[in-house]
Every structure is written in structure tokens, then in C-alpha cells.
2 protein chains.
Amino acid sequence: MAKRAPSRRIGIADVAKQAGVSHATVSRVMNGNFSVAADIAERVRQAAADLKYQPNSVGRSLALGKTDTIGVVVPDLENPTFQAILRGVSRAAARDGYRVLIADSSEVSSEEAILAGEARRRCDGVILCAPRMADADLRDLAPALHPLVLINRSTPVEDTPCLSADYGQGIQDLAAHLVARGHRRLVFLAGPEPSASNRLRVRGLELFMEQHPAVELQTVPGGVSFAAGHEAVDAILASGATGVLAFNDLVAMGLLSALHERGISVPGQLSVTGFDDIPFARYTTPTLTTAAVPITELGEMAWQRMSAVLRGDEDVVLGTVIQPEVILRGSTGPAPS
Amino acid sequence: MAKRAPSRRIGIADVAKQAGVSHATVSRVMNGNFSVAADIAERVRQAAADLKYQPNSVGRSLALGKTDTIGVVVPDLENPTFQAILRGVSRAAARDGYRVLIADSSEVSSEEAILAGEARRRCDGVILCAPRMADADLRDLAPALHPLVLINRSTPVEDTPCLSADYGQGIQDLAAHLVARGHRRLVFLAGPEPSASNRLRVRGLELFMEQHPAVELQTVPGGVSFAAGHEAVDAILASGATGVLAFNDLVAMGLLSALHERGISVPGQLSVTGFDDIPFARYTTPTLTTAAVPITELGEMAWQRMSAVLRGDEDVVLGTVIQPEVILRGSTGPAPS
DNA sequence: TTGCTGCGAGAAAACGTTTTCTCACTCAGC
DNA sequence: GCTGAGTGAGAAAACGTTTTCTCGCAGCAA
């Protein structure tokens, strides 16, 4: 039982008593239900105002069987990509009167399943960004999470909308750009091995290499962060490549910074591309050539899908692949002769 | 009444029936209450597992009178400062088993009060970042929001912990640094007029000027974003100053970018400082001299305060002011002779 | 006047838990 | 063998809403 504090929060019962009507009538008035006489409605509204009545949303949720809240599970709130997704979801959901509960797994992949389940119990649905979760785990988890929307997974799961960017195509476009500028020795500064979006990039590059036998491609292990890019500078230089395809903008920026420290000219000696087009990409020096993923919009779309499922729409669009767009800026140029 | 779907979610009642006990016993087992025989407990646990029982947290919240959720109201999820606060709060709260509901007012100041109230109704407490809310409004709102923790407000509100950074001192330290390097003509690239943290900076600079009569200080209207800094470049150059104190790192970076486009050398011709030390500040070219505010930690501290209030601690620390630390990097240098 | 219709509002059930109350039962002590 | 304490578990109330059900009353046709 809740503690009976001396002054409990005022509830619908208090308003009812004050107005001399029943709970039911108060509820009807508060919900704009019309079948209530004007004078009584007014009296109720007056009473509610006098008492500063605020409906308790937990009670409401229990009765209605919905919380008007959705959970967003992200692997890392520090990563601009996930911040953007969160922002997109949050704003779109807010327009429809929904709120967002955040669950940040802090890159602890094993936590994701638990977090997602926990979030689902509190919310009407879950939007899941778990790039590194194993496919099998995801399949096991999905039914319990429904309504569920997936972001950046290539695994199709029954009845589950999935939005993703075509990283494979994007990285090919970037590679093609470098090759068109005369680069023949490229290096891929990779992301985390188990990440779905990294696998897509790798696969895209494999395709690219099949079509460009004259080009040489190496791979250097990297990561997702500034630090990863910064630390990889020696390996990158050792590769002898003239063009670097970094896993994402963060990594590219870390690398750019390290190259600057070494006095390596970009793009004079080395061309560098990022991926994502985070807001900062246009403010680096040199500005960063990258493949833009409209990530905030992707968050908004995730909400659209969720909203459709919540409304019980038939035929919700399940698979959606967004095409990244190559943005040419200052960090790429012709290969040094 | 909630729709009676053919297969309703399984609840405590189903587990009770399956195990041949009462709801009460199931509840006791699930909550680790000891006064239940081992064999019965085992039977209940088995039944729960068989049925994949997941306790409904809305029902739980109603009975317990708490939601284990707190709301965080931020003016702009796009701003790295608020992202960092959110991250700090979220991670700290998660460690204590609490979740975070986000309410992004999208810079619409008039929405903040409503959003905060709405968040409070769904949550056990609210952490409010509303730098531009009028003091009077805040005072009116505060009682309804309690438990409440304020961030970056200078207004003391009864019984309400408030964490803030000493922007006034920080900007003075930055100004002192520039003056020490020989700058005599400074310009403050201001933030939004009504923002509390901007007022603190202005006040700090007034103090500084009193102590340094030989220094000339102008003020140029700016904003909080890249774009604001970028657009202000003409006004900055027209001021004839040799040292720029930008409102924050974002503005400074926008300005840096615009200066680079104009071919103005930083710090050769112009020194620039930021404020906040966002992660990107160390990756700009040149790297940004700024006053570091440990903002994620500030978010964590906000949770500590909230947690203390929630636990019913007497004497919670109310006012906490964090001292920014000047970080010297490459964007400032001696005044041009 | 009687009976039917329609409407407005109160009574009560329902949502899914937790917790207090109560009671049946066991066991020890006399 | 009877009483008292102690223990374990079911019954029921409580949390604060929404919604269905029901009923009283007014109006109208027969």
C-alpha cells in the first residue's frame, strides 16, 4: 500500500466530492465526453481548477492499457548518430502526444536484451538500435518486444519494421569518388567487427573490388570514436594508401586530427572520407567528404512505423532502406602523383 | 475498459492459477519476500517461467505509488551540452534502477512549463534545464514539480537543489587569459539575451572590466549554434578586436569555420575562445581554447540530488556551483603587434 | 394514464499489482 | 489433551483512473 501521507495527492474522488457528482462524471468531463449537462460540466471544471486537480497518469494508463510512451534503446548516448536518432524519434513522437523513455546500454551488448525487455514493460513499444546484437538473440527477443521497430539491422524479423541506411552502397560511392580522383591504393579504417553496419560496409567494398580489379584495398582495424581514428594514424600511414575510407565521421575526424599533428596534408598527401555527415563534418579542417545519412529523419520515420503499428494499421511498411548521399567537401582531392 | 483481445497478456492471476496459489503468494515470491515455503516458491517460479510471466509495471507503479522514472526537460536535444547532461543523468539514474523520460521543448520556451508538468505527472521527479524560463514562472511552477532539480539557474527556489556552472568566473578567466597574452580589444559574441547563463557571462565580464579599465570590450549579438557563430563573422571582424570570447564552443567553431573561409589566421590575427569544452573542441583546427564544464558529471550530480530527495534525505545540498577550468589550446595566442 | 424512448448520471467493475488483515494450521509447553 | 504462540497463505482492500451497466426521470405517442 502506498504510504498514507498526511496530505495525499488530490484525485478524481476529491474533485467529485467538491463538485457533488460521482467519479464517473468527473472522468467524463475531463475527457471531453459530451453526454454531460453544461452546468454540471462547468461545476466539475471549476472544482478541478479550484483543487488544481492533475489526473494521475499511472491510473489512467492502467485503465486504458497504454502508457503513451515508447522506449528507445541505443548502444551509446555519446555517439552523435544515436543522439540524432533519439532526437528524431523524440520530436516526431512528441507531435503525436507520445513520450520517449531512453535506455542507454553504454555499449554493453549483453545488457541490451534486458534493457529492451524492461523498457517494453513500461512502454507501448520499443525502437531498438542494437547494431551488435546477434541475429539469433534478436529473433528470440523480438516477440516479447512487439510492437518493435528496428534500426540499422539487416535481419528481417517477422512483423517488424526495420529502417536502415544502405551503408554498402554508400561506401561504394565514396570509394568510386576516390578512384575517380585517381586513387588506386585505398584503406578501409574499419568499425567494430560484429557490427551489422560494419559488415554492410565490408560487403559493399567486396563488391566494389570485384568491379575494380586495378584498385588495391587494405583494411585496418579501427572503432567508432575519435580516439579510434586518432590511434589508427600509424597503421594508416604504414599502409601506403592515398585514400582512407573511415568507418564514420567521428573516426575520420580523429584521424584528421592526428594527421594534422603529424603535418600530413589533407587532401594533398592523403584523402579522407567519413560516413554519416554529422553536423560537425562541415566544420572540420579541411571540411569532411562523407556519405550523408539523414539520420534524424530516420528517427522520425522510425516513429512513423511505430505509430502505424500502434494504430493497428494493416500493411505497415516493413523494410526501408535509405540511400546515403555522397557530400564532396575538402578532405578529398586528386591522388598525389 | 481495455479491449479484451482474444489472448490477453498474462498476469499475476494466470501464474497464481497455474501454480495453484493466490495472487498474493505470487507477488510475495516475485518480490523476494521470505515468508513463503520453499516448495511453493519453487512452484510459483516454475509457473512464472512456463508462462513467461512479465510483471506489468503500470499496475506495480499504481500500487507502489512510484514509477522509478524521472523526467528530464531540456530546451534542445541538438545541443551537445544538453545531450551531455541527459547522458550523465541517464547513466547515473540507470545505476540506481531508474529510467529517464525525455522532454525536449525544442527551444520553445513557452512549452517548457507544460512539458515539465506533463513529465512530472508520469514520473517521480523532474530535472529541469530551462535556461530562458522567467524567474517568476519558475517559482510558480516549482511546487507542482517537486521533487525538482534545477540545472543552470541562478534563481534559488525553496527546497529545490540547483546545480550550475560558474559561467561568470569562467568567462573572466578566459578574458584574463587573453589579456595576459596582450589583447586589449576584446569582443563578446553573446548568447541569447534572456538566457540565465548568458546573463552570468555578461555580469562576469562587467566585473572583469571594472578591474581592467585599460581593456576595451564590445558585445556582438550571436546565439547558441554553429550557424550563429558563422554568421557573426562580419560583425566580429568589424569590431576590430583581437580576441573573441564566444558564448560557447559551438558558436566558436562556427566562427572558426567562417574565419578559415575568409583566410583569417587563428590565432595569428585573431584569438578565439569557446566555452563548455564539448568533445569536439579538441579536434577543431586550430584546437579550441575553452573553459571546461564537466557537464556529464553535472548530470550525474543532478541525479544524486534527485535521488537524495526521492529517498527523503533531510538536508539535501541545495546550491552547487561548479568551477569551469580554462583549457589552453591552439585557438588563442599573443595579440598581433 | 400507460408504456416506450432517450438522455444524463451514479454504481460498480475492471485494469494488475502490493500489502494488510485474517485465519487455519502446526508445534511446543504444561 | 488443551492452550498459546508462531507461521504461512488466502481474502480483500487499496492505488486512481475509464467504461459499461443500470436506473431514474422527462417527454411523447397511443
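Only a predicted model underlies this, so the values are computations on that prediction, with no experimental measurement involved. What you see below is based on every heavy atom in this structure, not just the backbone, and it leaves out hydrogens, waters and symmetry mates.
To the nearest angstrom, P of D:dT7 lies 16 Å from CD1 of B:Ile40. At whole-Å resolution of the value, CZ in A:Arg121 and C1' in C:dG16 are 14 Å apart.
You'll find that the side chain of B:Leu64 is closest to C:dT18, out of D:dG16, C:dT18, D:dG10. You'll find that the side chain of A:Leu62 is closest to C:dC15, out of C:dG10, C:dC15, D:dG10. Checking D:dG16, D:dA9, C:dT17 against the side-chain heavy atoms of B:Ile12 singles out C:dT17 as nearest. When the nucleotides C:dT18, C:dG10, C:dG8 are ranked by their closest atom to the side chain of A:Ala37, C:dG8 comes out on top. Side-chain proximity of A:Ala63 to C:dA11, D:dG16, D:dG10: nearest is D:dG16. For A:Asn56, the side-chain atoms get nearest to D:dT17 when compared with the rest of D:dG10, D:dT17, D:dA9. For A:Arg60, counting side-chain heavy atoms from C-beta on, the closest listed nucleotide (C:dT18, D:dA11, D:dT17) is D:dT17.
In the helix from C:dT1-D:dA30 to C:dC30-D:dG1, the rotation axis of the first five pairs and that of the last five pairs differ in direction by 70°, rounded to 10 degrees.
Qualifying side-chain contact (heavy atoms from CB on, under 4.5 Å) partners for B:Glu42, counting only residues two or more places apart in sequence or in other chains: B:Arg45, B:Gln46.
Residues from residues 46-54 of chain B lying near DNA chain C, meaning a heavy-atom separation below 4.0 Å, are B:Tyr53, B:Gln54 in numerical order.
Comparing B:Arg28 and A:Gly59 along DNA chain D, the residue whose closest nucleotide (by nearest heavy atom) sits nearer the 5' end is B:Arg28.
Listed by first and then second residue, the ring-ring contact (aromatic ring centres under 6.0 Å, His included) pairs involving residues 109-129 of chain A amount to none (not counting sequence neighbours). Sorted by first then second residue, the ring-ring contact (aromatic ring centres under 6.0 Å, His included) pairs that include residues 95-150 of chain A, not counting sequence neighbours, are A:Tyr98-A:Trp303.
Checking side-chain atoms of B:Asn152 against main-chain N and O of B:Pro131 turns up no donor-acceptor pair under 3.5 Å.
Note on A:Val58: nothing from the nucleic acid sits closer than 4.0 angstrom, heavy atoms only. Among the atoms of the strands shown, base atoms are found under 4.0 Å from some heavy atom of A:Ser27.
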Review item, side-chain donor-acceptor pairs of residues 16-23 of chain B, under 3.5 Å, at least two apart:
| from | atom 1 | to | atom 2 | distance (Å) |
| --- | --- | --- | --- | --- |
| B:Ser22 | OG | B:Ala24 | N | 3.4 |
| B:Ser22 | OG | B:Thr25 | N | 3.4 |
| B:Ser22 | OG | B:Thr25 | OG1 | 3.4 |

